[in-house]
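Since we're looking at a predicted model, the values are computed, not measured.
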Amino acid sequence: MKNPDDITKEWFDVESVHVQVSDQFEKALGWDIGSSFSDEEFVRLSGALRGSSLYVLPETVKDPDDNLRMDGIRLSVKHHAVMRMERVILFRPGGGFVLKNSKMRLLAAHKGNRLGARIVSIQAAMASELEFEAIELDAVGSCHESFNKFQDDRWIGYWLWPRLGFDAPIPDHVKGKHPDEFGGYDRVSELMFSDKDMLNWQLYGETLTAARFDLKEGSTSWDLLLRYANTHGIQV
């Protein structure tokens, strides 16, 4: 971190995170994982909070011949402010990596600190440095899910993650129900540069499957993330 803001300094510290790497990488798969990723890189890719325990595990599947194949690396974060926090570094055919934020639920008591935005900012900086292609997640929720439940049960990803640069096509069924609001647009990112369009998405938007943050320099994803960070004084 170069010039982190006070909240970032309070909640994030790489050296305070306890990293435990599974011995199955070497025993079962014959891979010295430390030669590919350092503990610090795992911590930043996970977005782990200060004092977290981070478990690094092989993400494996069985092929049609019943042989074990590793599809990626699972990063599982345990922390008192987190209900669930799981990431997977996915291997892409032909080389390259994509970081998937498969689960993330912060306790409502800590949501006012904009920790989600700080986590994504740290992840994106590290993943970009390592030349990952993208970060992906399912942006879950709806207006009903984000307002009409107890705070810890609310799902606000459909509204938060697009503002931080995660993009996907506007679902056809959403456009079909709200043609006046979304009929002239194809992607959710197109809605994020206008207060009126953002409000329409907050009111009528729904879950986005496999929303993607494009890590290429100069992408719309970076534009939106930097805009959000500047607006809210976030520095990591």
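A donor-acceptor pair under 3.5 Å is absent between the side-chain atoms of Ser194 and the main chain of Leu191, judged by distance alone. A side-chain donor-acceptor contact under 3.5 Å links Gln123 to the backbone of Leu45. Of the possible polar contacts, one joining the Ser219 side chain to the Asp214 backbone as a donor-acceptor pair under 3.5 Å is found. With hydrogens and angles disregarded, a donor-acceptor distance shorter than 3.5 Å links the side chain of Glu41 to the backbone of Ser38. With Ser52 contributing its side chain and Ala48 its backbone, the two residues share no donor-acceptor pair below 3.5 Å. A donor-acceptor pair under 3.5 Å links the side-chain atoms of Ser16 to the main chain of Gly51, judged by distance alone. Listed for the Thr8 side chain is no donor-acceptor partner under 3.5 Å among the backbone atoms of Pro4.
With sequence neighbours excluded, the residues satisfying side-chain hydrogen bond (donor to acceptor under 3.5 Å, both in side chains) with His173 are Glu206.
Residue Asp32 qualifies as enclosed at atom CG: its count of foreign heavy atoms under 6.0 Å is above 12.
For the pair Leu75 and Tyr55, the minimum side-chain heavy-atom distance is 4.5 Å or more. Looking only at side-chain heavy atoms (C-beta outward), Pro58 and Ser22 come within less than 4.5 Å of each other. Contact check for Arg187 versus Ile170: no side-chain heavy atoms found under the 4.5 Å cut-off. The shortest side-chain heavy-atom distance between Ile33 and Ile73 falls under the 4.5 Å cut-off. Side chains of Ile7 and Trp11 form a contact here, defined as non-hydrogen atoms less than 4.5 Å apart. Residues Met104 and Ile119 are in side-chain contact: their nearest non-hydrogen atoms beyond the backbone lie under 4.5 Å apart.
Using a 4.5 Å cut-off between side-chain heavy atoms of Ile, Leu, Val, Met, Phe, Trp and Tyr, with links allowed through other members, Val188 and Leu199 fall into the same hydrophobic cluster. Leu226 and Leu160 end up in different hydrophobic clusters when Ile, Leu, Val, Met, Phe, Trp and Tyr side chains are linked at under 4.5 Å. Residues Leu106 and Val17 are members of one and the same hydrophobic cluster, defined by side-chain heavy-atom contacts under 4.5 angstrom among Ile, Leu, Val, Met, Phe, Trp and Tyr. Note on Phe37 and Val98: separate hydrophobic clusters, where clusters join Ile, Leu, Val, Met, Phe, Trp and Tyr whose side-chain heavy atoms are under 4.5 Å apart, directly or indirectly.
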Which pairs of donor and acceptor atoms, one on a side chain in residues 76-90, lie under 3.5 Å apart (sequence neighbours left out)?
from, atom 1, to, atom 2, distance (Å)
Ser76, OG, Glu86, OE1, 3.4
Ser76, OG, Glu86, OE2, 2.8
His79, ND1, Ala81, N, 3.0
His79, NE2, Arg50, O, 3.0
Glu86, OE1, Arg74, NH1, 3.2
Arg87, NE, Ser46, O, 2.6
Arg87, NH1, Lys103, O, 3.3

What pairs of donor and acceptor atoms, side-chain ones from residues 126-136 against any protein atom, are under 3.5 angstrom apart with sequence neighbours left out?
from, atom 1, to, atom 2, distance (Å)
Glu136, OE2, Arg212, NH1, 2.6

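A donor and an acceptor atom, one from each side chain of Glu10 and Asn113, are nowhere located under 3.5 Å apart.
When all heavy atoms are compared, the tightest approach of Val19 to Val43 is CG2-CG2, 3.6 Å. When all heavy atoms of Gly157 and Pro162 are compared, the pair lying nearest together is O-CD, 3.5 Å. Considering all non-hydrogen atoms of both residues, Ala168 and Ala211 come closest at CB-CA, 4.1 Å. The shortest heavy-atom contact between Pro171 and Thr207 is CG-O, 4.0 Å. Leu215 and Ala124 get closest at one heavy-atom pair: CD2-O, 3.7 Å.
Taking the centre and axis of the six-membered ring of Trp161, the NZ or CZ atom of Arg163 falls outside the cone set by 45° and 6.0 Å.
Interatomic distance, CE of Met192 versus CG of Leu224, reported as 8.0 Å (0.5 Å rounding). In this structure, CG on Leu225 lies 4.0 Å from OG on Ser121, to the nearest 0.5 angstrom. For the atom pair CG (Asn3) and CD (Gln235), the distance works out to 6.0 Å, reported to the nearest 0.5 Å. How far CG of Leu49 is from CG of Leu115: 6.0 Å, rounded to the nearest 0.5 Å. Within the model, atoms CD of Gln202 and CG of Asp197 stand 13.0 Å from one another, a figure rounded to the nearest 0.5 Å. To the nearest 0.5 Å, atom CG of residue Asp167 and atom OG1 of residue Thr220 are 7.0 Å apart.
Under the ring pair (Phe, Tyr, Trp, His ring centres under 6.0 Å) rule, Phe166 has a single partner from Phe213, Tyr228, Trp222, which is Phe213. Exactly one residue among Asp6, Asp5, Asp13 makes a salt bridge (charged side-chain N to carboxylate O under 4.0 Å, His left out) with Lys9. That residue is Asp6.
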Hey, mind stepping through Arg92 and Phe97 against side-chain contact (heavy atoms from CB on, under 4.5 Å) and telling me if it holds?
-> CA-CA 6 Å; Arg92 286 297 186 239; Phe97 300 103; over 6 Å; no

Residue pair Ser142, Trp159: steps toward the side chain to side chain donor-acceptor pair (under 3.5 Å) verdict = CA-CA 8 Å; Ser142 66; Trp159 164 237; over 6 Å; no

Going through the distances and angles, do Val56 and Gln20 end up as a side-chain contact (heavy atoms from CB on, under 4.5 Å)?
-> CA-CA 6 Å; Val56 182; Gln20 185 171 326; over 6 Å; no

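In this pair, Tyr158 and Trp201 present their aromatic rings tilted. The plane angle is within the 30 to 60° band. The aromatic rings of Phe182 and His178 sit perpendicular, their planes meeting at an angle over 60°, well past the 30° parallel limit.
With respect to the salt-bridge test (charged N to carboxylate O, under 4.0 angstrom), the residues Asp180 and Lys175 do not qualify.
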